[in-house]
Amino acid sequence: MSTEKLPTRSENFSEWYNQVILRAEMADYSPVRGTMVVRPYGWTLWENIKDALDRRFKETGHVNAAFPLFIPMSFLEKEKEHVEGFSPELAVVTIGGGEKLEEPLVVRPTSETIIGYMYSKWIKSYRDLPVLINQWANVVRWEMRTRLFLRTMEFYWQEGHTAHATEAEAREETLRMLDVYTDFAINEAAVPVIPGRKSETEKFAGAVESYTIEAMMGDTRALQSGTSHFLGQNFAKAFDIQYLDTSNTLQYCWTTSWGLSTRFIGAIIMTHGDDQGLVMPPRLAPLQVVIVPIYRSDEERAKVMPVADQVFQALKGFRVKLDDRTEVTPGFKFNDWELRGVPLRIEIGPRDVEKGVVTAARRDIPGKAGKTALPIEGLAAQVDELLKTIQSALLERATAFRDAHISEPADYDGLKEAVKDGWVYVWWCGSKECEAKIKEDTRATTRCIPMNQPGGTGRCIHCGGEAHEKVYIARAY
RNA sequence: CGGGGUGUAGCGCAGUUGGCAGCGCACCGCGUUUGGGACGCGGGGGUCGGCGGUUCAAGUCCGCCCACCCCGACCA
């Protein structure tokens, strides 16, 4: 690890972001441009994200399966909008075993097509529905500009694919999974997100409606952090996913898909991180507690270490580590674990041992202000309490930051000014022209039309025409 | 693809007029240290991005190529 100070977020946010990932050993660049290695510390965070989501998927009746990486090129071409949307970013295999292939194979950029093909084989009757399958997988999109976690050519995600008998049921599923993502983001990651519908131009290639959870990063830019799509009968028609209903009539299914990727790790980093480094939400943190013993002499060491061990044993119910390295000083360890964002640090020195306490240092409150002495007696319960406090403090802080950077400008000039450093929440007539002009003028895009609408009508922020919905507009990643 | 930049030890860099390839950090060993990024001594580590040319001699000069980074049009 480098001993140099991180760049601060205010002086260079994107450099801060890169540095913090590399130094905290979340990920590293790999030899192929645009791809990354997710290192154990980053992957553990992903595993915790997976567990929290997977539990929710199971609770809502879904099962996991695995579909192949390779997809026949012709499959992509079956859905017109889908292929148009994805063809510029496809990786295609044309040679296998030294022979030119009869038909090129696409490395999946997403799996609607191959899953649609399989569903058409499996679904015969209304009795087979609904089909509620999720897969945890990697996908490949040939991106031009890449960033660690936010946009890499290969990334890891989950993609849920469901098929239903009725439109209402499929729409309900789409929104249910949007709720699952919202609940996960807020209650597990402490990332306050705004659920909403994507505009026509921003929606998924092949979807009827796309929904998103949008989060505000520490530089006020927006990050699409998860998506849920109502696919209508588009893929059902392209892949002949049909069933016989109760009156023996052949019907097309209604399908959905929904995904959340390793990009979410970027959301956690950029939502909670500070100038010392990462700040992990306790519920997802790879390490929740780190214990740092402090001693000067062998005698002190002999007094401190048994207590440190005892505390370590007492906290086994948490994701805990005893940092007993002898080659670095406690001061170094403090900085090291702060960089890695461990929510709670427990310092144990001779003075603490003397008094039968440990010193707990909260990651979310730097320096002396975040330190308190905790009696060793009943420590686990207090640690549990502190971690919960930190979890909710992170959510509160991020929510306050977000709300402080959302404004409702009265006119178009006000919008142009406001999107330089925040989001705007404004009436929009819904026209592509207004949306395009705003993007051209400001580089900001419509992020989502939130589910919670104020009701009534207003005047479009751009053209002044009648508007029925309000929209968030912001510069986005 | 357009514009700008950089390639020398794992990382960050220096290398003058062409003349023994260096510094800091990291790494290894020994000792002293340890409540907010310790220090001393000793050590290991190089196809100077690649190919070609000029020259007695090229990291340095010339040509071509390659890779990566940053800024713009597409994207979870």
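Chain naming here is simple, since letters A, B, ... match the order of the sequence lines and numbering starts at 1 in each.
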Among the nucleotides A76(B), U34(B), G36(B), which one has an atom lying closest to any side-chain atom of Thr152(A)? A76(B)

Only pairs with both distances under 3.5 Å count, Watson-Crick or wobble alike; so what is the partner of U54(B) in this structure? none

With a non-hydrogen cut-off below 4.0 angstrom, is Gly259(A) in contact with a base, only sugar-phosphate, or nothing? nothing

Aromatic ring pairing Phe204(A)/His229(A), orientation class (parallel under 30°, perpendicular over 60°, tilted between): parallel

Closer than 4.0 Å, any side-chain N/O of Thr227(A) to the OP1 or OP2 of A76(B)? no

Partner lookup for G36(B), please. Criteria are Watson-Crick or G-U wobble with both distances under 3.5 angstrom; report none if nothing qualifies. none

Does Leu150(A) reach a base, just sugar-phosphate, or nothing at all? Heavy atoms under 4.0 Å. base

Per salt bridge (charged side-chain N to carboxylate O under 4.0 Å, His left out), Glu338(A) is matched among Arg345(A), Arg363(A), Arg23(A), Arg362(A) by Arg345(A)

Using the side-chain heavy atoms of Phe332(A), tell me which of these nucleotides is nearest: G36(B), A76(B), A38(B). A38(B)

Complementary nucleotide of A14(B), counting Watson-Crick and G-U pairs under 3.5 Å: none

Base of G36(B) paired with side chain of Lys371(A) (donor-acceptor, under 3.5 Å): yes

Nearest-neighbour nucleotide for the Thr329(A) side chain, G37(B), A38(B), G35(B) considered: A38(B)

Starting from the 5' end of RNA chain B, give me the residue, Pro330(A) or Arg443(A), whose nearest nucleotide shows up first. Pro330(A)

For C41(B), give its Watson-Crick or G-U wobble partner with both distances under 3.5 Å, or none. G29(B)

Do Val383(A) and Val289(A) come close enough that some side-chain heavy atom pair is under 4.5 Å? yes

Assigned partner base of G72(B), Watson-Crick or wobble definition, under 3.5 Å: C1(B)

Given atom CZ of Phe334(A) and atom P of G36(B), what is their separation to the nearest angstrom? 6 Å

Let's test this: given Watson-Crick or G-U wobble pairing with both distances under 3.5 Å, identify the partner of G59(B). none

Map Asn18(A) and Lys203(A) onto RNA chain B by nearest heavy atom, then report which one ends up closer to the 5' terminus. Asn18(A)

From the candidates U34(B), G36(B), A76(B), the one with an atom nearest any side-chain atom of Glu338(A) is G36(B)

Asp298(A) atom CG is separated from U34(B) atom C1', nearest whole Å, by 12 Å

Paired nucleotide for U47(B) [Watson-Crick or G-U wobble; both distances under 3.5 Å]: none

For Glu143(A) and C74(B), what is the distance between atoms CD and C1' respectively, to the nearest whole Å? 8 Å

Watson-Crick or G-U counterpart of U6(B), or none if no pair lies under 3.5 Å: A67(B)

From C-beta outward on Ile294(A), which listed nucleotide comes closest to its side chain: A76(B), U34(B), G36(B)? U34(B)

